[in-house]
Amino acid sequence: MKKLPLSFYQRNNVLEIAKDLLGKLLVTKFDDITTSARIVEVEAYAGVNDKASHAVGGRRTERNEIMYAKGGFTYVYLCYGIHHLFNVVTNKKEIPHAILIRAVEPTEGISIMQDRTRKKVLDNTLTRGPGNVSKALGIFTYHSGLDLVRSDIRIVDDGFQYKKKEIAVTTRIGVDYAGPDALLPYRFIVRDNPYVSGKRR
DNA sequence: CGACCGATCGTCT
DNA sequence: GACGATCGGTCGA
């Protein structure tokens, strides 16, 4: 159980970092309650030139300001007025790269997750899709701007690693508004993992 | 299984 | 005033 160091997040290739996040454990510990889950689906958002990114064209607002911080912080924002989407900020200060965690496979605290999501039946939708990930792990927009190395949201390496063959790359979900950038191969998924959202391919 | 649709509100124009 | 980096329920095939 090794916490990922700042250097992991501060590399300049957001696609590489996104791929490397697959298999790592996302852990939250709030009010002495720990839940953890293995990351199985991520999407990279590649800064000012990426039309799907909140930072497209250098757009800088109160909401996305944390994207311009150095790598290793959380960026959580509200989507559709309902869902709290969890992102990891990467690269150096002033380079607004981020990675959206879209799906995880529960490893610890499953009953807690079931309580948080208020799901009646326990199935693969528990932590499938970015909205459910945050809900299950207890992450809200007020957790935006936390330091992943020092805070109660952390990402750790327990030695597990997916094989190269198990990882697939696809286009991102729900970013049709980005025009041609919607076709970029920036989504990384674990093949055949039941928690992965959207279409397989 | 796929298509459709309503929920719900902070953020940006 | 419009619109989401979504989800879950419903309806029909």
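Lettering follows sequence order; numbering is per chain, from 1.
Remark: P of B:dC9 and CZ of A:F140 are 14 Å apart, rounded to the nearest angstrom. Between the CZ atom of A:R59 and the P atom of C:dG4 there is a distance of 11 Å, given to the nearest Å. Separating the CE atom of A:M67 from the P atom of B:dT11 is a distance of 15 Å, rounded to the nearest angstrom. Look at CD1 on A:I82: it is 14 Å from P on C:dA5, rounded to the nearest Å. Rounding to whole angstrom units, NE2 of residue A:H83 and C1' of B:dG10 are separated by 14 Å. If you take CZ of A:R63 and C1' of B:dT13, they are 13 Å apart, rounded to a whole angstrom. Remark: P of C:dG9 and NZ of A:K120 are 6 Å apart, rounded to the nearest angstrom. Per the geometry, CG belonging to A:L85 stands 8 Å off P belonging to C:dA5, to the nearest Å.
The number of heavy-atom neighbours closer than 6.0 Å to CD of A:E65, taken from other residues, nucleotides and ligands shown, is above 12. Other residues, nucleotides and ligands contribute at most 12 non-hydrogen atoms within 6.0 Å of the CZ atom of A:R150.
When distances run from any side-chain atom of A:Y77 to the nucleotides B:dA7, C:dA5, C:dT6, the shortest one goes to C:dA5. When distances run from any side-chain atom of A:T61 to the nucleotides C:dA5, B:dC12, B:dC9, the shortest one goes to B:dC12. Each of C:dA5, C:dC7, B:dT11 was ranked by its minimum atom distance to the side chain of A:L100; first place goes to C:dA5. Closest contact between the side chain of A:C79 and the listed nucleotides C:dT6, B:dC9, B:dT11 involves C:dT6. Out of C:dG4, C:dG8, C:dC7, the shortest distance to the side chain of A:K119 is found at C:dG8.
Between A:R128 and C:dT6, a side-chain N or O to OP1/OP2 separation shorter than 4.0 Å is absent.
The existence of a salt bridge linking A:D123 and A:R128 is excluded, since no basic side-chain nitrogen approaches an acidic carboxylate oxygen closer than 4.0 Å.
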Given side-chain hydrogen bond (donor to acceptor under 3.5 Å, both in side chains), test A:E41 with A:S197 step by step and report yes or no. CA-CA 8 Å; A:E41 177 183 0; A:S197 72; 2.9 Å; yes
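For the atom pair CD1 (A:I153) and OG (A:S144), the distance works out to 9.0 Å, reported to the nearest 0.5 Å.
Under the stacking criterion of a centre-to-centre distance below 5.5 angstrom and an interplanar angle below 30°, A:Y80 is not stacked against the six-membered ring of B:dA7.
For the pair A:R38 and A:Y195, the cation-pi criterion (under 6.0 Å, within 45° of the ring axis) is not fulfilled.
Looking at heavy-atom distances under 4.0 Å, A:N132 makes contact with sugar-phosphate atoms alone, never a base.
The six-membered or imidazole ring of A:F188 lies away from that of A:Y186, with a centre-to-centre distance of 6.0 Å or more.
For the ring pair (Phe, Tyr, Trp, His ring centres under 6.0 Å) with A:H143, the lone residue among A:F73, A:Y77, A:F30, A:F86 that qualifies is A:F30.
Nucleotides of DNA chain C nearest to A:K135 and A:S53 differ in position, and the one nearer the 5' end is that of A:S53.
Secondary structure note: stems in DNA chain B built from 3 or more consecutive Watson-Crick or G-U wobble pairs under 3.5 Å occupy B:1-7 with C:6-12, B:9-12 with C:1-4.
A donor N or O paired with an acceptor N or O is found under 3.5 Å between the base of C:dA5 and the side-chain atoms of A:H54.
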